[in-house]
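First up is the structure itself, then whatever we jot down about it.
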Amino acid sequence: ESLCDHFHESQTTMDPKEPGYQAVYLRIYKKVVAKVKKELKDNDLWSLYEELELPLVTALAEMEAHGILVDPKKLSVISQELEATMEKLTETIYAEAGEEFNINSPKQLGVILFEKLGLPVLKRTKTGPSTSAEVLEELSDHPIVASVLEYRQVAKLKSTYTDSLAELISPETKRIHTTFNQTVTATGRLSSTHPNLQNIPVRTKEGRRIREAFVAPEGHVLLMADYSQIELRLLAHLSGDQVLAEAFRSGQDIHAQTAAEVFGLDLDEVTDEERSAAKAINFGIIYGISSFGLAKGINLTRAQAQEYIDSYFLRYPMVKVYLDGLVEQGKKEGYVQTLSKRRRYLPNLKSRNYALRSFAARTAMNTPIQGSAADIIKLAMLKVYRALKDAGLKTRLLLQVHDELVLETPLDELHLAAHLVKKQMEEVYPLDVPLKVGVFYGPNWRDVKSFDYEE
DNA sequence: AAGCTCACG
DNA sequence: ACGTACGTGAGCTTG
Ligand SMILES: [Mg+2]
């Protein structure tokens, strides 16, 4: 961007083929490098650039070039099954509606559900009644709604994850080569495009079938390593809250411990429901808590949600001090920052518009946590990349999915690689609480089992 | 191109 | 009362 500005400032209208163009370009380029370098140094961002982001480029480039092997036959079988299911559901839905219409159109679906069948409008979008899954769940006693929910799930899998993915398999390598974007997100996370390999289904049994098509080549296995609760561990570290830190040092289930603290129970008397509520509270804390959001997360009244939040902050007082401090710092300095000093500017912390100001406050609370987690896994990627190279192993990094790395390893390297990856990830950047990494391996991305460290 | 919806962490 | 959970990318419809 700066280079382009200088080109225009310099009124360079030269043709790239013209003699002397390269000299002009180089002169401007050097000026821009000096300017950007100074700006980074002045803002304490130079080491983030030089020691983290710049060397990471090489690791990401190799990951993209290597790609991940995908079995088109598996995708094709799944696609055909989904096609058949969709045809049946389509007929069922038309019969229940008493007419044919485009089920993929929220507008046409809305006419059927809310006008023809007279179902209640529970939520609106800018353009009309919402037909989102959240709304349809509430209305799913009606048979057509249950069918539409199932249709949506199947249609999503087919269009996004079977047909489109198959088209992106390279005929030369038989692999899918994503692009990892290093300069897209506001928090420092990576993103992935063409295709996005950071949102492959995992939460439902049907969806997980897609992962079976991501395979290791003959004589290899996929190795997966994911951080356990990295964002909450960072919250414990960054806030200095000793109750939360001690919870992680004890190694017990963090959500159950939160439930015990918030609801005043012994750890062994926490029910599944209480644990689930505590999990929603922990999510809320990371997202920048609001009683409205928490209430929506666990079907409470706002007043009850507020009581839970108050109770949480009573038990974890330093977390409240920390989160309030982030908003204050954001207002005073204009930005919040992550472990690596990465900044996010939040001018709306001073907005007179309540919605904009609240959004900025939640962002101020979330960005240092989400962004520091991104810093840590990026550093871990560098360390894993270098350690594999130093050890002379053939194991390759394939994917990063925010708190998880996916690698491909020759069977005879599995033991060494699993230990190396776990060690580099857990010891990457010592915090006040331990970082814990789960390691799994298998023939494909679905059928993985825990790597047993006795092996 | 924008809006809605939904997949992931 | 305001009006939201944080961060992404992609497919589909609509205009
Ligand atoms: Mg995890």
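All values below come from the heavy atoms of this structure, side chains included, with hydrogens, waters and symmetry mates left out. Each chain gets a letter, A, B and so on, in the order its sequence line appears, and its residues count up from 1.
Within the nucleic acid shown, A:Ala374 has no heavy atom closer than 4.0 Å to any nucleic acid atom. Across all strands, A:Ala295 comes closer than 4.0 Å to no nucleic acid atom at all (heavy-atom distances). Among the atoms of the strands shown, none is found under 4.0 Å from any heavy atom of A:Arg357. Residue contacts for A:Gly284: at a heavy-atom cut-off of 4.0 Å it reaches a base atom on one of the strands shown. Within 4.0 Å of A:Ser290, counting heavy atoms only, lies at least one base atom of the nucleic acid.
Side-chain atoms of A:Ile289 lie closest to C:dA5 of the nucleotides C:dC12, C:dG9, C:dA5.
Applying the salt bridge (charged side-chain N to carboxylate O under 4.0 Å, His left out) criterion to A:Lys383, with sequence neighbours excluded, gives no partner residue. With sequence neighbours left out, A:His142 forms a ring pair (Phe, Tyr, Trp, His ring centres under 6.0 Å) with no residue at all. Residues passing the salt bridge (charged side-chain N to carboxylate O under 4.0 Å, His left out) test with A:Lys320, sequence neighbours excluded: A:Asp324. Residues satisfying the ring pair (Phe, Tyr, Trp, His ring centres under 6.0 Å) test with A:Tyr322, not counting sequence neighbours, are none.
For the segment residues 308-339 of chain A, the set of residues with a heavy atom within less than 4.0 Å of an atom of DNA chain C is empty. A heavy atom closer than 4.0 Å to some atom of DNA chain B occurs in no member of residues 55-75 of chain A.
Comparing B:dT5 with C:dT4, their P atoms are spaced 14 Å from each other, to the whole Å. Rounded to the nearest Å, the gap between the P atom of B:dC6 and that of C:dA5 is 14 Å.
Atom C1' of nucleotide C:dG7 and atom CG of A:Leu190 are separated by 12 Å, given to the nearest angstrom. Atom P of nucleotide C:dC6 and atom CG of A:Leu235 are separated by 17 Å, given to the nearest angstrom. Atom P of nucleotide C:dA5 and atom CD of A:Gln306 are separated by 17 Å, given to the nearest angstrom.
Residue-nucleotide stacking is not present for A:Phe359 and C:dT4, judged by a side-chain ring centre under 5.5 Å from the six-membered base ring centre and planes under 30° apart.
Legend: ring pair (Phe, Tyr, Trp, His ring centres under 6.0 Å) pairs involving residues 51-78 of chain A, not counting sequence neighbours: none detected. Pairs passing the ring pair (Phe, Tyr, Trp, His ring centres under 6.0 Å) check and including a residue from residues 192-215 of chain A, sequence neighbours excluded, read A:Phe214-A:Trp445. Residue pairs meeting the ring pair (Phe, Tyr, Trp, His ring centres under 6.0 Å) criterion with at least one partner in residues 289-317 of chain A, sequence neighbours excluded, are A:Phe263-A:Tyr308, A:Tyr312-A:Tyr316.
Remark: A:Thr185 is not in phosphate contact with C:dG7, judged by side-chain N or O atoms under 4.0 Å from OP1 or OP2. In this model, the phosphate group of B:dG3 is not approached by any side-chain N or O of A:Lys107 to a distance below 4.0 Å at OP1 or OP2. Distances shorter than 4.0 Å separate none of the side-chain N or O atoms of A:Asn102 from OP1 or OP2 on C:dC12. Taking 4.0 angstrom as the limit, A:Arg362 places a side-chain polar atom (N or O) nearer than this to OP1 or OP2 of C:dC6. Look at A:Ser105 and you won't find any side-chain N or O under 4.0 angstrom from OP1 or OP2 of C:dC12.
Across A:Arg275 and A:Val270, no two heavy atoms sit closer than the pair N-CG1, 3.8 Å.
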Give the table of side-chain donor-acceptor pairs shorter than 3.5 Å for residues 53-60 of chain A, with sequence neighbours excluded, one pair per line with atom names and distance.
from	atom 1	to	atom 2	distance (Å)
A:Glu53	OE1	A:Gln182	NE2	2.9
A:Glu53	OE1	A:Lys378	NZ	3.3
A:Glu53	OE2	A:Arg342	NH1	3.0
A:Glu53	OE2	A:Arg342	NH2	2.8
A:Glu53	OE2	A:Lys378	NZ	2.7

Sugar-phosphate atoms are those with a prime plus P, OP1 and OP2; base atoms are the rest. Using that split, label each nucleotide of nucleotides 4-9 of chain B B, S or - for protein heavy atoms under 4.0 Å, 5' to 3'. SSBBBB
Nucleotide pairing, DNA chain C (Watson-Crick or G-U, distances under 3.5 Å), in dot-bracket with [ ] and |: .....|||||||||.
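Two residues, A:Thr160 and A:Thr187, neighbour DNA chain C, and the one matched to the more 5' nucleotide by heavy-atom proximity is A:Thr187. Nearest-nucleotide mapping onto DNA chain C: of A:Ile281 and A:Pro195, the residue sitting toward the 5' end is A:Ile281.
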